[in-house]
Each structure stands twice: as structure tokens, then as C-alpha cells.
Peer 1: 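I have a structure here, written as C-alpha cells, and I will follow up with some questions on it.
Not measured: the values here are computed from a predicted model. FYI, side chains are in, hydrogens and waters are out, and symmetry mates aren't considered; it's all heavy atoms of this structure.
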Amino acid sequence: MNRAIDRIIEQGRPRLHRTWPQLLATALVAGVEVALGVLALLTVQQSTGSSLLAGLAFSVALIALLLGHAELFTEGFLVPIVVVAARQATWRRLARFWAGTLVGNLLGGWIFMGIVITAFPEIRSTAIETGGEFVHAGISPQSFCLAILAGSTITLMTRMHNGTDSDMAKLAASAVTGFLIVGTGMHHSVLDSLLIFGGIHAGAGYGYADWILWFGWAMLGNIIGGVGITTALRLIRGYTRIHEWRHS
């Protein structure tokens, strides 16, 4: 476990000290990579009608994020918080990291989903229907719990990535995570925002006001699941090693 904490801090510290151009660039790339995963998701969903197969298809996005070292907002819960807890960066750096990553993800995804819908008009109806499932889920205990599960699941993936040196194990963790989040219909604030953007670009009856309402609810659930549950448990388990880093 000590080695896992060391790896998190050593790899995470430079991420919190990136310049604004570097931070935004890695976040924009992540938005594009997730959009490509959404294209795979929509294509398989339309062809097969299976959410489970669509989840497997979406996994290409999480694998691309892993191999390309891009920044996805919800992947930035565990690692940066451990770095700050070890006093290797400030809370201000963390807030800057989160803000830049979220804006970059959404902007890159919005732009690229516009390109996807224009390039593949045949998936317009599927994009509208799929995005509408989240918009119309409303503010409810069920949608909130689905968001908590998504935040916990994506952060658990990050935890697994940092717990092994095996590239195959990391790829497997990414594939399983994509399958779980999409296949079971969890609410992920960034991924599902791109599905909603796709629907809006395709001419859906819902709009950005509907998205904002859903997004705020989903992001709150993601943070509770990713930070309040998975990350908090890791901090408790690794407290001794984190304490040593504080005084090193």
C-alpha cells in the first residue's frame, strides 16, 4: 500500500503544477477522446439496441485517456487530493486543477460532438433519445444514487490504475469501468453531458438550461461518490504513509 501512495504522489504532483496552457490542453484532449467513445457508444447502441455492448464500445475512451495521459474531471479526485493531503500542493492548486479540467473537458466535448453529429447524421435520433434519458431523469433519489455510483466507480478505476504496474491490468480496469458506467446507466457528469450535447446538436427538444440542471445534480453525486466515499477510504488506509510525506 505504501508503494501505491508513493506512486500516486510522485505521478500526481506534476499534474497540479501544470501551466494553464498545459492544463487546458490535456483537458481539451480528454474531451475529444470521450467524444470518440460516445461516437462508438451511439453507433453500437443504434446497431444493436444493447446498452451493455454500448458500454463495452465506450471503453475505448477510457483506454485512450489512460494511454494518452489526458485529464478527465472525475479521474482527478483521488490522485490530486492525496497530493494535497501529503502537502505536496495547495488546495488552491487543486481548485485550479479541477476548474481547468472541467472547463476543458466540456468545451472539447461540446465542439467535437458537434463534429460527430454533422459527420454521422444517421445517429441523430439515437443521440437525441440517449441524451434525453438523462435530461428527463429529473432531480430524484434514483438519479442522485446513480451519480454517486458513477463517481465512486470512476475513482475506483483510478485507484486500481495506481495499485498495479501491469499495463494489461490497467486496460482491463478501464474496460470494466466503461462497461459498468454506460451499461448500467450510471450518471457521469462529463460523459453524459456529451451525450446531451450530441442530442442538442442533433436538434432535440431539450436545451442547455435542462442540461445545467441535470449537470449540477450529477456532479454533486459524482463528488460525493468519488471524494466522499472512495477517496476518503483511501486517505484513511494510507494515512500513515501520507503523514510521512508531510514531514519528509
Peer 1: Start with the C-alpha gap between Gln45 and Ser50, add the side-chain angles, then the distance that decides, and say whether side chain to side chain contact (heavy atoms under 4.5 Å, CB included) holds.
Peer 2: CA-CA 6 Å; Gln45 180 72 34; Ser50 171; 5.9 Å; no

Peer 1: What's the spacing between Thr48 OG1 and Leu56 CG if we round to 0.5 Å?
Peer 2: 10.0 Å

Peer 1: For Val38 versus Phe58, what's the shortest heavy-atom pair and its separation?
Peer 2: N-CD1, 3.9 Å

Peer 1: On the ring face of Trp91, is Arg96 found with NZ or CZ under 6.0 Å from the centre and within 45° of the axis?
Peer 2: no

Peer 1: In chain order, what residues pass the ring pair (Phe, Tyr, Trp, His ring centres under 6.0 Å) check against His17, with sequence neighbours excluded?
Peer 2: none

Peer 1: Answer whether the closest heavy-atom distance between the side chains of Thr155 and Val227 falls below 4.5 Å.
Peer 2: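 A side-chain contact is absent here, since even the closest heavy-atom pair is not under 4.5 Å.
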
Peer 1: Nearest 0.5 Å, what's the CD1-OG1 distance between Ile81 and Thr230?
Peer 2: 10.5 Å

Peer 1: Do Leu213 and Ile196 belong together in a cluster built from hydrophobic side chains that touch within less than 4.5 Å?
Peer 2: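 Per the 4.5 Å side-chain linkage, Leu213 and Ile196 are not co-clustered.
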
Peer 1: With under 30° as parallel and over 60° as perpendicular, where do the rings of Phe215 and Trp211 fit, or are they tilted in between?
Peer 2: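 Ring orientation, 0 to 90° scale: tilted.
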
Peer 1: Tell me which pairs pass salt bridge (Lys or Arg N to Asp or Glu O under 4.0 Å) where either residue lies in residues 156-167, with sequence neighbours left out.
Peer 2: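 Those involving residues 156-167 are Arg7-Asp165.
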
Peer 1: Any side-chain heavy atom of Leu72 sitting closer than 4.5 Å to one from Thr101?
Peer 2: no

Peer 1: With clusters defined by side-chain heavy atoms of hydrophobic residues (ILVMFWY) lying less than 4.5 Å apart, directly or transitively, does Ile229 cluster with Leu146?
Peer 2: no

Peer 1: Any chance you could lay out the side chain to side chain contact (heavy atoms under 4.5 Å, CB included) test for Phe112 and Leu36, step after step, and finish with the verdict?
Peer 2: CA-CA 8 Å; Phe112 214 74; Leu36 289 173; 3.5 Å; yes

Peer 1: Where do Ala89 and Leu16 come nearest, in terms of heavy atoms and distance?
Peer 2: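 Smallest heavy-atom distance, with atoms named: CB-CD1, 3.6 Å.
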
Peer 1: Using the salt bridge (Lys or Arg N to Asp or Glu O under 4.0 Å) rule, collect all pairs that involve residues 14-43, keeping only residues at least two apart or in two chains.
Peer 2: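 Matches after skipping sequence neighbours: Arg15-Glu71, Arg18-Glu71.
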
Peer 1: Kindly state whether the ring of Phe197 and the ring of His201 have centres lying under 6.0 angstrom apart.
Peer 2: no

Peer 1: Quick one: do Val84 and Thr90 satisfy side chain to side chain contact (heavy atoms under 4.5 Å, CB included)? Show the steps, please.
Peer 2: CA-CA 6 Å; Val84 172; Thr90 64; over 6 Å; no

Peer 1: Would you check if the side chain of Ser143 reaches a backbone N or O of Ser140 as a donor-acceptor pair within less than 3.5 Å?
Peer 2: yes

Peer 1: Could you walk me through whether Leu24 and Leu107 pass side chain to side chain contact (heavy atoms under 4.5 Å, CB included), step by step?
Peer 2: CA-CA 10 Å; Leu24 292 174; Leu107 180 59; over 6 Å; no

Peer 1: What distance separates Leu62 CG from Ile154 CD1, expressed to the nearest 0.5 Å?
Peer 2: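 If we round to the nearest 0.5 Å, Leu62:CG and Ile154:CD1 are 5.0 Å apart.
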
Peer 1: Keeping His69 on the side-chain end and Leu65 on the backbone end, is there a donor-acceptor pair under 3.5 Å?
Peer 2: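 Checking the backbone N and O of Leu65 against the side chain of His69, no donor-acceptor pair under 3.5 Å is found.
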
Peer 1: CG/Leu67 to CG/Leu171 distance, rounded to the nearest 0.5 angstrom?
Peer 2: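 It comes to 5.5 Å.
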
Peer 1: Does Asn162 use its side chain to pair, donor to acceptor, with the backbone of Ala4 at less than 3.5 Å?
Peer 2: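 Side chain of Asn162 to backbone of Ala4, a donor-acceptor pair under 3.5 Å: no, none is there.
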
Peer 1: To the nearest 0.5 angstrom, please state how far the CZ atom of Phe97 sits from the OG1 atom of Thr26.
Peer 2: 7.0 Å

Peer 1: Would Met160 end up clustered with Ile63 when hydrophobic side chains under 4.5 Å apart are linked, directly or stepwise?
Peer 2: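 Met160 does not cluster with Ile63.
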
Peer 1: Quick one: side chain to side chain contact (heavy atoms under 4.5 Å, CB included) partners of Ala175, sequence neighbours excluded?
Peer 2: Ser59

Peer 1: Checking side chain to side chain contact (heavy atoms under 4.5 Å, CB included) against Trp245, which of Val82, Val83, Asp6 comes through?
Peer 2: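 Checked Val82, Val83, Asp6 against Trp245; only one passes side chain to side chain contact (heavy atoms under 4.5 Å, CB included): Asp6.
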
Peer 1: Quick one: CD1 on Ile8 to NE2 on His161, what's the gap to the nearest 0.5 Å?
Peer 2: 12.0 Å

Peer 1: Which heavy atom of Ala218 sits nearest to which heavy atom of Ala147, and what is that distance?
Peer 2: O-CB, 3.5 Å

Peer 1: Mind jotting down which residue pairs meet the side-chain hydrogen bond (donor to acceptor under 3.5 Å, both in side chains) criterion with at least one end in residues 111-139? Sequence neighbours excluded, please.
Peer 2: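 Every pair satisfying side-chain hydrogen bond (donor to acceptor under 3.5 Å, both in side chains) with a residue in residues 111-139: Gln46-Thr126.
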
Peer 1: Can you hop from Val44 to Leu52 via hydrophobic side chains spaced under 4.5 Å?
Peer 2: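 As far as the 4.5 Å side-chain criterion goes, Leu52 and Val44 are connected within one cluster.
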
Peer 1: Establish whether Leu194 and Val29 are linked, either directly or via other cluster members, by ILVMFWY side-chain heavy-atom contacts under 4.5 Å.
Peer 2: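 They do not share one cluster, since no chain of ILVMFWY contacts under 4.5 Å joins Leu194 to Val29.
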
Peer 1: Minimum heavy-atom separation for Ile117 to Ala127, with atom names?
Peer 2: CD1-CB, 3.9 Å

Peer 1: For Trp110 and Tyr208, take the angle between the two ring planes, folded into 0 to 90°, and tell me which bin it lands in: parallel under 30, tilted 30 to 60, perpendicular over 60.
Peer 2: tilted

Peer 1: What class does the angle between the rings of Phe144 and Trp217 fall in, given that below 30° is parallel, 30 to 60° is tilted and above 60° is perpendicular?
Peer 2: tilted

Peer 1: With a 3.5 Å cut-off and sequence neighbours excluded, list the donor-acceptor pairs that the side chains of residues 178-189 form with protein atoms.
Peer 2:
{"unit_1": "Thr184", "atom_1": "OG1", "unit_2": "Leu180", "atom_2": "O", "d": "2.3"}
{"unit_1": "His187", "atom_1": "ND1", "unit_2": "Trp214", "atom_2": "NE1", "d": "3.1"}
{"unit_1": "His188", "atom_1": "ND1", "unit_2": "Val190", "atom_2": "N", "d": "3.3"}
{"unit_1": "His188", "atom_1": "ND1", "unit_2": "Leu191", "atom_2": "N", "d": "3.0"}
{"unit_1": "His188", "atom_1": "NE2", "unit_2": "Thr74", "atom_2": "OG1", "d": "2.6"}
{"unit_1": "Ser189", "atom_1": "OG", "unit_2": "Asn222", "atom_2": "OD1", "d": "2.9"}

Peer 1: Can you give me the closest heavy-atom contact between Asn105 and Ala27, atom names plus distance?
Peer 2: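 That closest heavy-atom pairing would be ND2-O, 2.9 Å.
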
Peer 1: So, do Phe120 and Leu39 sit near enough that their side-chain heavy atoms are less than 4.5 Å apart?
Peer 2: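 Counting from C-beta outward, Phe120 and Leu39 do come under 4.5 Å.
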
Peer 1: Looking only at heavy atoms, which two atoms of Ala54 and Leu41 are closest? And how far apart?
Peer 2: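 For Ala54 and Leu41, the tightest heavy-atom pair comes out as CB-O, 3.7 Å.
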
